[in-house]
Amino acid sequence: MTSFDIAVVGGGLAGCSAALHARLKGASVLLLERGRCGAQASGVNYGGVRQQGRHAAELPLACRSRQIWGRLAELVGTDCEFTATGHLKLARNDADMQSLLAYRDIARDYGIDLEILSAADLRSRYPYLAGGYSGASLCAADGQANPRLVAPAFARKAQELGVIVREQCELEQAEKVADGFRLSIKGETQPITACRLINSAGAWGARIARWFGDDVDEQVMAPNMCVTEPVAPLIGPNLGICGGSIYLRQTQNGSVVFGAGLGVADAGRLRARPLADVSMDAARAAIAIVPQLANVLVVRTWAGIEGRMPDGLPVVGRSPKTEGLFHAFGFSGHGFQLGPAVGAVLAELCLDDMSPTPIDGLSLTRFDPATSSAPASSI
């Protein structure tokens, strides 16, 4: 029987970061991934590194994560194409502007600097935008990265430092035992034990949580994504709209990545696919923001499987029922930016029994009927 201080289930960005940070603190770590590290939601998302617009419960994590994004090259040996391009959230009307002003005050409490721009500012600074917007909020510190690179980079660095990374390795069952947890791997007869268990299994996180009596309603979603041919530099910051689902950015090679709406997800078969009509609607919405995209070719569409919680906020933290079990799943389509800090916090909770980063609003206990939960921000 092989034993570890910590076993991490799920090789997405949060899980790979947890494995790396736990190893940096001296723990023996096993990382189990059913497929390939970063192959699910962590590797097929939009790639936005955004603090702006998040629910207050996520902001401490978002701020800490932004610090980690800024030193990726030092931490994992590559910057994963992270660039602080800024994030511009457009207001459609005066009500949106009031929401942006109110959110600026919330963000300021967390040390996030948001610049409110008028309609005239938009015309002057971003002439490629369509007219008609009342203004916007700019978070200059936000940016973008290549999601296909990040989780694998964390996994490689963790492995270099001694983490046992097992891909194509499916956890069949886990149970609490006197000295921690016993894990059964599909197709293997020899169980593995770990003193602590991190459940970062994405859209399958609730299934693992239920093994230990942590019952929560996690649904699946498949964000519908598109990318264009490379074009000359056009779009500066990431673009989004108050209360809207369209988002777009231009990559270093000139391609424009955009997304809106949902494709089809089948978590049981590990399959997701985009929908043509959803992609067409997304293209129209992108053109409505940046008219010069009208004659640019879309070269690929895709979707990935993501877990979604009822209130749009992830579950991060201790199991309320099982000592030594920690959860991080249900990121509801906006976990990419948070992933590095989620891993760091989980490692601290496992090994130090505390973290300086508050995550109380993300606890599984918020779904207790006796506890009310706040909805995710729609800004």
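Everything numeric here is computed off the predicted structure, so don't read it as measured data. Below, all heavy atoms of this structure are taken into account, side chains as well, without hydrogens, waters or symmetry copies. Along the sequence shown, residues are numbered consecutively beginning with 1.
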Backbone N/O of A328 and side chain of S200: donor-acceptor pair under 3.5 Å: no
Distance alone, cut at 3.5 Å: any donor-acceptor contact between the side chains of S99 and D96? no
Would you find a donor on one side and an acceptor on the other, under 3.5 Å apart, between the side chain of S28 and the backbone of D5? yes
Of all residues at least two apart in sequence or in a different chain, which pass the salt bridge (Lys or Arg N to Asp or Glu O under 4.0 Å) check with R271? none
Which of parallel (below 30°), tilted (30 to 60°) and perpendicular (above 60°) describes F82 and W69? tilted
Do any N or O atoms from the side chain of E33 and from the backbone of V165 form a donor-acceptor pair under 3.5 angstrom? no
For the backbone of Q52 and the side chain of D142, can you confirm whether one donor and one acceptor N or O come within less than 3.5 Å of each other? yes
Can you see which heavy atom on P60 is nearest to which on P358, and at what distance? CB-O, 3.6 Å
Main chain of L297, side chain of E229: is a donor-acceptor contact present, judged purely on distance under 3.5 Å? yes
Is the shortest side-chain heavy-atom distance between L75 and H21 below 4.5 Å? yes
Are a donor atom and an acceptor atom from the side chains of N224 and T301 found within less than 3.5 Å of each other? no
Backbone of Q173 reached by a side-chain donor or acceptor of W211 within 3.5 Å: no
Nearest 0.5 angstrom please: I116 CD1 to L101 CG, how far? 5.0 Å
Would you confirm whether D281, through its side chain, and V278, through its main-chain N or O, come within 3.5 Å as a donor-acceptor pair? no
Between T228 and S255, which heavy-atom pair has the shortest distance, and what is it? O-OG, 3.1 Å
Suppose the criterion is ring-ring contact (aromatic ring centres under 6.0 Å, His included): which pairs have a residue in residues 214-233, not counting sequence neighbours? none
Using the rule that two of Ile, Leu, Val, Met, Phe, Trp, Tyr join whenever any of their side-chain heavy atoms come within less than 4.5 Å, decide whether V150 and F331 are in one cluster. no
Do you know the tightest heavy-atom contact between G15 and L31? O-CD1, 4.2 Å
Between I235 and T85, is a side chain to side chain contact (heavy atoms under 4.5 Å, CB included) present by the stated rule, with each step listed? CA-CA 10 Å; I235 301 170; T85 56; over 6 Å; no
Can you list the residues that meet the side-chain hydrogen bond (donor to acceptor under 3.5 Å, both in side chains) rule with R249, with sequence neighbours excluded? Q144
Any side-chain heavy atom of D214 within less than 4.5 Å of one from L325? yes
Of all heavy-atom pairs linking K157 and L20, the shortest is CG-CD1, 3.9 Å
Carefully, step by step, assess K89 and L100 under the rule side chain to side chain contact (heavy atoms under 4.5 Å, CB included). CA-CA 8 Å; K89 188 167 286 292; L100 292 177; 4.0 Å; yes
Indicate if L239 and V257 have the same hydrophobic cluster label, given that clusters are the connected sets of ILVMFWY residues with side-chain heavy-atom separations under 4.5 angstrom. no
Would you please name every residue forming a salt bridge (Lys or Arg N to Asp or Glu O under 4.0 Å) with D353, sequence neighbours left out? R318
Would you give the length of the straight line joining atom SG of C242 to atom CG of L90, rounded to the nearest 0.5 angstrom? 8.5 Å
Closest non-hydrogen contact found for L313 with A57 is CD1-CB, 4.4 Å
Side-chain heavy atoms under 4.5 angstrom apart, residues restricted to Ile, Leu, Val, Met, Phe, Trp, Tyr: same cluster for V290 and I241? yes
Do the side chains of L88 and Y46 join up, straight or via other hydrophobic residues, at under 4.5 Å, putting them in one cluster? no
Just do the side chain to side chain contact (heavy atoms under 4.5 Å, CB included) check on R50 and Y247 with the steps written out, would you? CA-CA 12 Å; R50 170 184 64 85; Y247 36 91; over 6 Å; no
Between E348 and S355, do the side chains contain an N or O donor and an N or O acceptor separated by less than 3.5 Å? yes
Please step through side chain to side chain contact (heavy atoms under 4.5 Å, CB included) for the pair D311 and H55, ending with a clear verdict. CA-CA 11 Å; D311 60 0; H55 189 283; over 6 Å; no
Minimum heavy-atom distance between G339 and S65, given as atom pair plus value: N-OG, 4.2 Å
Cluster membership besides L262, Ile/Leu/Val/Met/Phe/Trp/Tyr side chains within less than 4.5 angstrom, sorted by chain and number, is M221
Does I359 offer a backbone N or O that forms a donor-acceptor pair with the side chain of S363 under 3.5 Å? no
Pairs flagged by ring-ring contact (aromatic ring centres under 6.0 Å, His included) wherever residues 121-162 is involved - sequence neighbours left out: none
Distance-only, no hydrogens or angles: does the Y103 side chain make a donor-acceptor pair with backbone N or O of R54 under 3.5 Å? yes
Between atom CD1 of I112 and atom CG of L59, what is the distance when rounded to the nearest 0.5 Å? 4.5 Å
Donor-acceptor under 3.5 Å (E218 side chain, A206 main chain): yes
V342 with L13, same ILVMFWY side-chain cluster at under 4.5 Å: no
